[in-house]
Amino acid sequence: MAGGMALPMATSLVMARRLDGLDLAGPGVPRLFATDRMLRMPAGFGYEARGNWMLHSPLDRHGRPAGEGRVEPGTEPDFLLAAGLIAKGHHEWWRLQCRRRAERNGAGRAADEAANSAIELAANGSDSGGGGGCGSSCGGGCGGGGCGS
């Protein structure tokens, strides 16, 4: 996120999840983050949960998602843990969910390797669609049927 906004965004996300009773590691979209999309806010910020990820899509002038969803670094569980905003137990729960989804999908690579590379997906700022990061080893990227779908 430009301008060093990842940490303030992450702090707001964790607090909003806490207030809404959602798991802190994700992928639940708290009401605060869902508002623009629900109201179809022109040029707003659209967030959605897809698998074990919370994706961001800018909204167009009609309030519809414009382009592919992407993982913002400030919403990524590895970032939340490294920033001290969530406990290790919350992060381990997220990794367990990723692993379970991989087992259900019969993925070939270890979910641990996938979860460890999730920060790369966030750093690339894109929906891997089966390329790399947690999504690929869990069956196909943020939108492709695995950890992130």
Side-chain angles (χ1 to χ4, degrees), residues 1-102 104-105 111 114-115 117-149:
M1 185 157 238
M5 291 302 297
L7 185 57
M9 177 186 206
T11 303
S12 297
L13 174 64
V14 171
M15 181 56 72
R17 282 180 173 161
R18 197 173 267 131
L19 292 171
D20 284 357
L22 300 172
D23 185 77
L24 302 183
V29 179
R31 290 174 296 172
L32 175 65
F33 282 74
T35 303
D36 283 7
R37 189 176 180 128
M38 287 187 321
L39 295 175
R40 301 185 95 181
M41 183 71 65
F45 300 93
Y47 292 94
E48 68 176 302
R50 202 178 304 161
N52 287 332
W53 300 100
M54 186 171 114
L55 302 181
H56 166 260
S57 297
L59 302 179
D60 66 16
R61 63 188 181 116
H62 301 291
R64 294 181 301 236
E68 294 276 330
R70 62 184 230 156
V71 178
E72 291 288 348
T75 67
E76 206 280 323
D78 287 344
F79 182 90
L80 301 177
L81 179 65
L85 297 171
I86 62 171
K88 188 174 180 181
H90 291 283
H91 190 265
E92 288 173 356
W93 175 88
W94 173 76
R95 290 173 64 112
L96 176 63
Q97 298 309 307
C98 196
R99 191 174 297 112
R100 286 179 177 164
R101 193 174 299 264
R104 282 195 305 271
N105 293 336
S117 64
I119 196 72
E120 179 182 331
L121 175 66
N124 291 337
S126 66
D127 176 353
S128 71
C134 183
S136 67
S137 69
C138 294
C142 291
C147 239
S149 69

When rounded to the nearest 0.5 Å, the distance separating CZ of Arg95 from CG of Asn52 is 12.0 Å
Donor-acceptor contacts under 3.5 Å from residues 4-16 side chains, at least two apart:
| unit_1 | atom_1 | unit_2 | atom_2 | d |
| --- | --- | --- | --- | --- |
| Thr11 | OG1 | Leu7 | O | 2.9 |
| Ser12 | OG | Pro8 | O | 3.1 |

Taken in chain and number order and not counting sequence neighbours, the residues that satisfy side-chain contact (heavy atoms from CB on, under 4.5 Å) with Ala82 are none
When rounded to the nearest 0.5 Å, the distance separating CG of Asp78 from NE2 of His91 is 3.5 Å
Applied to residues 18-36, the salt bridge (Lys or Arg N to Asp or Glu O under 4.0 Å) test, sequence neighbours excluded, yields Asp20-Arg31
Rounded to the nearest 0.5 angstrom, the OG1-CE distance for Thr75 and Met54 is 5.0 Å
Rounded to the nearest 0.5 Å, the CG atom of Leu85 sits from the CZ atom of Arg17 at a distance of 11.0 Å
Shortest non-hydrogen pair, Trp53 vs Pro77, comes out as CZ3-CD, 4.2 Å
In short, ring-ring contact (aromatic ring centres under 6.0 Å, His included) pairs touching residues 9-38 with sequence neighbours left out are Phe33-Tyr47
Sorted by chain and number, sequence neighbours left out, side-chain hydrogen bond (donor to acceptor under 3.5 Å, both in side chains) with Glu92 holds for none
Taken to the nearest 0.5 Å, the spacing of Ser57 OG from Glu68 CD works out to 8.0 Å
_When you compare the side chain of Trp94 with that of Leu24, does any pair of heavy atoms fall below 4.5 Å?_
no
The complete set of salt bridge (Lys or Arg N to Asp or Glu O under 4.0 Å) pairs with one or both residues in residues 53-65, sequence neighbours excluded, reads Asp60-Arg64
